[in-house]
Amino acid sequence: MRLAAVLFLFSISGVLSAQSTVAALSSDAAAATATPPPLLPQDYVCPMDPDQRSDQPGTCKRCGMKLVLGVPDQVEYPLELITTPAIIKPGQKVQLKFAIHDPKTGAVVNHFEVVHEKLFHMFILKSDFGYFLHDHPVPQADGTFLFDAVFPKSGMYRVVADVYPTGGTPQLIARTVFAEGGPNEPVNLGDASLLPDIGVQHGTNTDVELEMAPPQPISGTKTLLFFRMKPADGLEKWLGAWAHMLAASNDTIDLIHEHPFIADGGPQMQFNLIFPRAKTYRVFLQFQRKGVVNTVAFNIPVVDLEHAPQ
């Protein structure tokens, strides 16, 4: 009897095993003939503001740049800056020649994307912030860009190139040049001593006041900057944006070029910034009202988390 029971159990086990095999085969066949799941929407991204995404081609709602299907990894393109003459004298005209090189081949890049109506945005900053310029070098047939500059005083200057090589990512690259002074004139090597200045600033035809959240910016964390224009009638887009900002640390190492996070032509613009280090930052804001470009600047002290107000 025990042997018969064992044989009976083996028989039942075999039937169940066969049934499981048939069920598995039926399941595999059904899966093979079923409609595959739909693909995820394609991800179009703004190269300048990667948080701006869409499942359709178009332009960035924030900065107006054309969305691209995925953004390449951020790779720095070498910048070659040649000055003619090589020795810069204050007050004399100097030709700046910019050449952007492909990081893989070393060749001069000759195709760029238009960003805010220009192929090349250039900033020149004196290390003590006594001079600020935002202008646009002229493209040449060989891919280089030329600009005639005048450095008003002796000292160190940071020359900042803002370009977008086709097939790459937007670049913000700085180079340092010196304007020679007299034999007994000290050379300013940077690290300007900037006193905090977040009070109302006076532009050419508009005053600007600033409110920040948090009131004391902390390095490495997001700071919201609310700029309020008075009067606010007649604000106009300039170079494809409601405003342009360049923030520079007092040693001119950190350089940030931004555009409003929220702006609609009304009296307030919002910028979102992450200041990298505990420094004082000179924040230049440029905007246009009634055909006049205004440039104002604030000195914003930034502390680290250890010294942040409790």
Side-chain angles (χ1 to χ4, degrees), residues 45-53 60-65 71 74 76 115-116 121-123 125 129 132 134 158 160-162 164 169-174 190-192 194-201 203 206 208-229 235 237-264 266-287 294-309:
V45 185
C46 174
M48 182 168 290
D49 298 294
D51 62 313
Q52 296 297 300
R53 299 171 179 265
C60 176
K61 295 180 180 179
R62 185 180 304 161
C63 69
M65 184 176 290
V71 178
Q74 182 71 41
E76 182 174 325
V115 179
H116 291 115
H121 293 263
M122 178 198 68
F123 300 91
L125 286 171
F129 298 105
F132 170 82
H134 174 190
R158 294 283 273 171
V160 187
D162 188 349
Y164 181 9
T169 56
Q171 305 285 310
L172 189 70
I173 315 169
D191 205 4
L194 296 178
L195 296 176
D197 185 3
I198 57 175
V200 176
Q201 303 297 319
T206 312
V208 183
E209 63 180 24
L210 170 64
E211 181 181 347
M212 297 182 292
Q216 173 60 73
I218 302 170
S219 61
T221 65
K222 183 187 294 185
T223 301
L224 309 185
L225 297 95
F226 302 95
F227 295 96
R228 298 189 179 97
M229 285 64 177
L235 292 175
K237 283 191 173 182
W238 176 60
L239 296 174
W242 287 110
H244 296 259
M245 172 193 287
L246 184 74
S249 56
N250 61 319
D251 56 6
T252 66
I253 291 176
D254 302 327
L255 298 163
I256 307 167
H257 183 194
E258 282 289 350
H259 305 94
F261 184 78
I262 299 176
D264 58 6
Q268 178 172 287
M269 302 181 191
Q270 176 185 331
F271 286 78
N272 294 353
L273 283 188
I274 296 178
F275 295 101
R277 296 183 296 148
K279 289 283 186 180
T280 299
Y281 286 77
R282 181 76 164 167
V283 176
F284 296 89
L285 182 73
Q286 294 186 292
F287 59 94
N294 288 255
T295 301
V296 298
F298 298 82
N299 295 342
I300 301 178
V302 178
V303 299
D304 55 28
L305 186 59
E306 181 181 354
H307 297 92

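Throughout, numbering of the chain's residues begins at 1 and tracks the sequence.
Heavy atoms only, all atoms of each residue included: Gln216 and Pro309 are closest at CG-CD, 3.6 Å. Shortest non-hydrogen contact noted between Thr169 and Tyr164 is C-CD1, 3.7 Å. Closest non-hydrogen pair, Pro217 versus Pro301, comes out as CD-O, 3.7 Å. Heavy atoms only, all atoms of each residue included: Ile274 and Gly220 are closest at CG2-C, 3.7 Å. Closest heavy-atom contact between Thr252 and Arg158: O-NE, 3.0 Å.
The OG1 atom of Thr295 sits 3.5 Å away from the CD atom of Gln286 when rounded to the nearest 0.5 Å. Here Ser249 contributes atom OG and Leu255 contributes atom CG; the two are 6.5 Å apart, rounded to the nearest 0.5 Å. In this structure, the separation between CG on Leu235 and CD on Gln268 is 12.0 Å, given to the nearest 0.5 Å. The CG atom of Asn294 lies 9.0 Å from the CG atom of Leu285; values are rounded to the nearest 0.5 Å. Residue Glu211 holds its CD atom at 10.0 Å from CG of Leu224, rounded to the nearest 0.5 Å. Taking CE of Met269 as the start and CD1 of Ile262 as the end, the distance is 12.5 Å to the nearest 0.5 Å.
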Inset, instruction - Using the side-chain contact (heavy atoms from CB on, under 4.5 Å) rule, take Val283 and Met245 through it: C-alpha gap first, then chi angles, then the decisive distance, then the call. - result: CA-CA 7 Å; Val283 176; Met245 172 193 287; 3.7 Å; yes
Legend entry - Step-by-step side-chain contact (heavy atoms from CB on, under 4.5 Å) determination, Arg282 to Thr280: CA-CA 7 Å; Arg282 181 76 164 167; Thr280 299; over 6 Å; no
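Between Thr223 and Ile300 there is no side-chain heavy-atom pair separated by less than 4.5 Å. Leu246 has its side chain out of reach of His121: every pair of non-hydrogen atoms, C-beta onward, lies at least 4.5 Å apart. When side chains are defined from C-beta on, Ile256 counts as touching Leu273, because their heavy atoms get closer than 4.5 Å.
The aromatic rings of Trp238 and His244 stand perpendicular to each other, their planes meeting at an angle above 60°, with 30° marking the opposite boundary.
Between Asp254 and Lys279 there is no salt bridge, since no side-chain nitrogen of the basic residue lies less than 4.0 Å from a carboxylate oxygen of the acidic one.
Listed for the Asn299 side chain is a donor-acceptor partner under 3.5 Å among the backbone atoms of Leu195. Between the side chain of Asn250 and the main chain of Ala192, a donor-acceptor pair closer than 3.5 Å is present.
Not counting sequence neighbours, Glu76 has no partner by the salt bridge (Lys or Arg N to Asp or Glu O under 4.0 Å) test.
More than 12 heavy atoms of other residues, nucleotides or ligands shown are found within 6.0 angstrom of CG on Leu239.
When each of Phe129, Phe227, Phe284, Tyr281 is tested with Phe298 by the rule ring pair (Phe, Tyr, Trp, His ring centres under 6.0 Å), just one qualifies, namely Phe227. Between Glu209 and the options Ile198, Val296, Val200, a side chain to side chain contact (heavy atoms under 4.5 Å, CB included) holds for only Val200.
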